[in-house]
Amino acid sequence: MSANDLLTGKVVFYSPGGWSFRSNDALKINIKDIEKFQRIIEEDEKRCIIVSPEFVELDESGHIKTLRDKIRNSGVTIEI
Amino acid sequence: MIILEKQTEKKNLYQRISQDEFSVNKIKTSSMLSLNQFMEAEKRIKSKNLKVGIFLNSDQSLDCLKDKLELFSIIQINFKSFKDGRPFTMAKELRKLHLYNGEVRASGHILPDQFVFLLRCGFDNVEIDGKEKKEWIELYNMDEGLYYQP
Amino acid sequence: MYKYSEKDKKIIAGRVKQFRNQVQRRLNGKISEEEFKPLRLMNGLYLQLHAYMLRVAIPYGELSSRQLRKLAEIADKYDRGYGHFTTRQNIQFNWPKLPDVPDILEELSKVEMHAIQTSGNCIRNISADHLAGLTNDEVEDPRPWCEIIRKWSTFHPEFSFLPRKFKIAITGCENDRAAILVHDIGLKLIKKGSRIGFQVFVGGGQGRTPYIAKKINDFLLKKDLLNYLEAILTTYNQLGRRDNIYKARIKILVNQLGVEKFKELVDESFKKLSDKKLELNETTIQKIFKFFELPNIKHCNEKISISSNQKFNNWIKQNTIPHKILGNSIVLISLKSENRPPGDANSMQMYKLANIADKFSFGEIRVTHEQNLVLPHVKNSEIYEVWNELDKLELATPNIDLITDTICCPGMDYCALATARSIPISQQISNFFKDYGDQKKMGNIKIKISGCINACGHHHVGNIGILGLDRNGKEFYQITLGGSSKQDASIGQIVGPSFSSENLIIAIKKILQTYQKNKSSDKDDFMTVFRRIGIEEFKKNLYDNTGKTN
Ligand code: SF4
């Protein structure tokens, strides 16, 4: 489960200790439990912590599935 | 809900009528009718020489009413979403094209940031939640009256 | 250059204050993201993939050295030391923090800049020919007209919540460098007898359904410009679709109604609603024109002398154009060097370029819609020195209008809407065609790359257009050929199945081979050949003997 930090716009991941800038901390969520987490998201949007939440799809071995999410996680792929 | 005209709260003189309670005979000058209700009651309004209010949604066109505007003491245009900018043009046309000089009111999903735009397009006042009054007045006062448009 | 009046200053300052209030309300939860979004967008603030992005307006592409220095300063202080020049003559900062944005806007206002209406469903920054006022083939300078429209459209009470964004571009000459035919409204200044007026085109655009704009007025009097624009916008605001954002642009309306019907509605609104107060009188027009007079440039016979330095000679040939005042040149600065994302400039380059502009070009810089910069007035006698300075900054790549002068959107590296990356593709192309001689052989050719169907990289009107797609989680690229954004504007045609990123370069190579083979003289550029032989010939060579290309 990830989103952008309201203040900086940085990508954050939901971890056992709350929202974290590190994807390593991220909580892996089973599709079945999505609804429960949806509620957390709504709460934290209201509390002005995050914006633009979305779930990150993982493959069977627990790696990030889509290129978009990979780039969200690791940053721009070009030298700047 | 309150009516705010610039910085002043105003009394609302009009009541909407729910479809259940609606009957052509009950219409008074203080009635605020939907488009359908108006069509039903048009004959009686004319014969009794009444002036009523009409309530339009932002996606309803003024076109079918343009020759009947003298029957309305107030036209309320209800924003379905603040992003739907049609009422700004509707208000302008009411004033500039149809030379309507009754009251024009905005309601529905509108933001205080739109207040001055609304007034400048020809709205007289807005219907808003009383809790938001302070914010609306604050944003109204922030306007310094400097514009590029006439 | 245009200078703010007291009124301009107050309006901009008022806006900064208002936005500060809006950010405050957002941060303390008084407004939701849904409500804040259109407000921040009206101030150029987006939320991208990794961060916010602030788009700052550069009206009609004109910058002073002082403004450029401020942009450099902002890049250093609030961002990561660089900025990105866009296809609409704006600059984007990719990493600002939300609470800092009101401060950034305040700093910008000190140098007469702002981010107003650089996004959102309103009338956007007006763009113009980047060579406005500099060439002899011009009917009239379009910049004063942009300024007149900028004022009228800023915080327009009626047109701030349109069905969709609205873009206007103006050109003052037949040779269209402002891509007016792919804008919602395109204006062309023309001469009829001794009078000057506008041809008005409407309903051009790119995105998922590209259209070339259609003419709805053959000669609009100058005095009626604003009333006529108002009539177009009134018609659009009322009738444009709001139920489907993909069908909300004016191009869809114009095509659904038919251009004749649309014109009729506009003419009617114009007749009935024209406001005397919006009529432009000669004095007002002249007052604005005064701001755009040429600086005191000396006329002389000095020519550029050939040097023993081949690099310099190439650059002169490729990146300079004679100025209308003899003895001077217009210098085009390529932001498409080999290793940087197209359109990016770092703060050091911006600072130094500001100094160069002060020393050699009356403190003026321009931004082109092809994501390059311009030093508008350089003396021929000083041009070697200018080249030398630019070269040190890696700003002297001699590739204007050549194959590596690509147009490219940010793509999936930054953009939340992207389906594929676009910057790495342009870098592949730059790397592959490094050599100036090789590029020269390909002649003038425009490659335009978009990272999704929204077409910010203008791929529909690229001679070669590249569109990034997502196919089962893999990046694929569709190629279109034959697009153009010039006065002979056309939408590119799809060649066939798309290519993986590895095969894309091979495909481009094959396309270029077809072009080379079919050239009948050295003067034939890509578009000439394409228009002569058609797409089939290209298709045949592209897919036939390769078996599987993708
Ligand atoms: S074309 Fe698509 S990917 Fe590129 S900037 Fe526009 S929206 Fe983003």
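Throughout, protein chains are lettered first and strands after them, A, B, ... in sequence-line order, and every chain is numbered starting at 1. Below, all heavy atoms of this structure are taken into account, side chains as well, without hydrogens, waters or symmetry copies.
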Legend entry - R150(C) portion near chain B, given a 4.5 angstrom heavy-atom threshold: side chain
Inset, instruction - Tell me, for E132(B) versus chain C, whether the close heavy atoms (under 4.5 Å) come from the side chain, the backbone, both or neither. - result: neither
Inset, instruction - Could you check E42(B) against K46(B) for salt bridge (Lys or Arg N to Asp or Glu O under 4.0 Å), going step by step and ending with a plain yes or no? - result: CA-CA 6 Å; E42(B) 187 176 343; K46(B) 278 187 180 151; 3.0 Å; yes
Legend entry - Segment of E6(C) engaging chain B (4.5 angstrom heavy-atom cut-off): neither
Legend entry - Contact origin within N121(C) toward chain B - heavy atom pairs under 4.5 Å: neither
Inset, instruction - Say whether, by atom type as modelled, one donor and one acceptor occur between the side chain of R95(B) and the main chain of Y100(B) under 3.5 angstrom. - result: yes
Inset, instruction - Decide if the gap between the ring center of Y236(C) and the ring center of F262(C) is smaller than 6.0 angstrom. - result: no
Legend entry - Most contacts with chain B, counted as non-hydrogen pairs under 4.5 angstrom, among Q18(C), K10(C), K7(C), K151(C): K151(C)
Legend entry - Reported NZ-to-CD distance for the pair K83(B) and E35(C), which is rounded to 0.5 angstrom: 10.0 Å
Inset, instruction - Heavy-atom pairs under 4.5 Å with chain C are the metric here; pick the option from D113(B), L146(B), L111(B) that has the most. - result: D113(B)
Legend entry - L139(B), part contacting chain C, at a heavy-atom distance under 4.5 Å: side chain
Legend entry - Backbone N/O of D275(C) and side chain of N227(C): donor-acceptor pair under 3.5 Å: yes
Legend entry - Side chain / backbone / both / neither for D8(C) at chain B, heavy atoms under 4.5 Å: both
Legend entry - Shortest non-hydrogen contact from R105(B) toward N125(B): NE-OD1, 3.0 Å
Inset, instruction - Answer with yes or no after comparing the ring centroid distance for Y60(C) and Y2(C) against a 6.0 Å cut-off, counting only values under it. - result: no
Legend entry - CA sep, side-chain torsions, deciding dist, call: Y228(C), V200(C), side chain to side chain contact (heavy atoms under 4.5 Å, CB included): CA-CA 10 Å; Y228(C) 196 76; V200(C) 184; 4.0 Å; yes
Legend entry - Option in L162(C), I31(C), T154(C) with maximal non-hydrogen atom pairs under 4.5 Å from chain B: T154(C)
Legend entry - Partner chain B: residue of H156(C), K277(C), K30(C), K17(C) with the largest heavy-atom pair count (under 4.5 Å): H156(C)
Inset, instruction - Name the member of D84(B), D59(B), D143(B) that forms the most heavy-atom pairs with chain C at distances under 4.5 Å. - result: D84(B)
Inset, instruction - Look up atom CZ in R26(C) and atom CG in L39(C), then write down how far apart they are to the nearest 0.5 Å. - result: 11.0 Å
Inset, instruction - Considering only heavy atoms and a distance below 4.5 Å, find which of P157(C), S269(C), S153(C) pairs most often with chain B. - result: P157(C)
Legend entry - Interface moiety of L97(B) toward chain C, non-hydrogen atoms closer than 4.5 Å: both
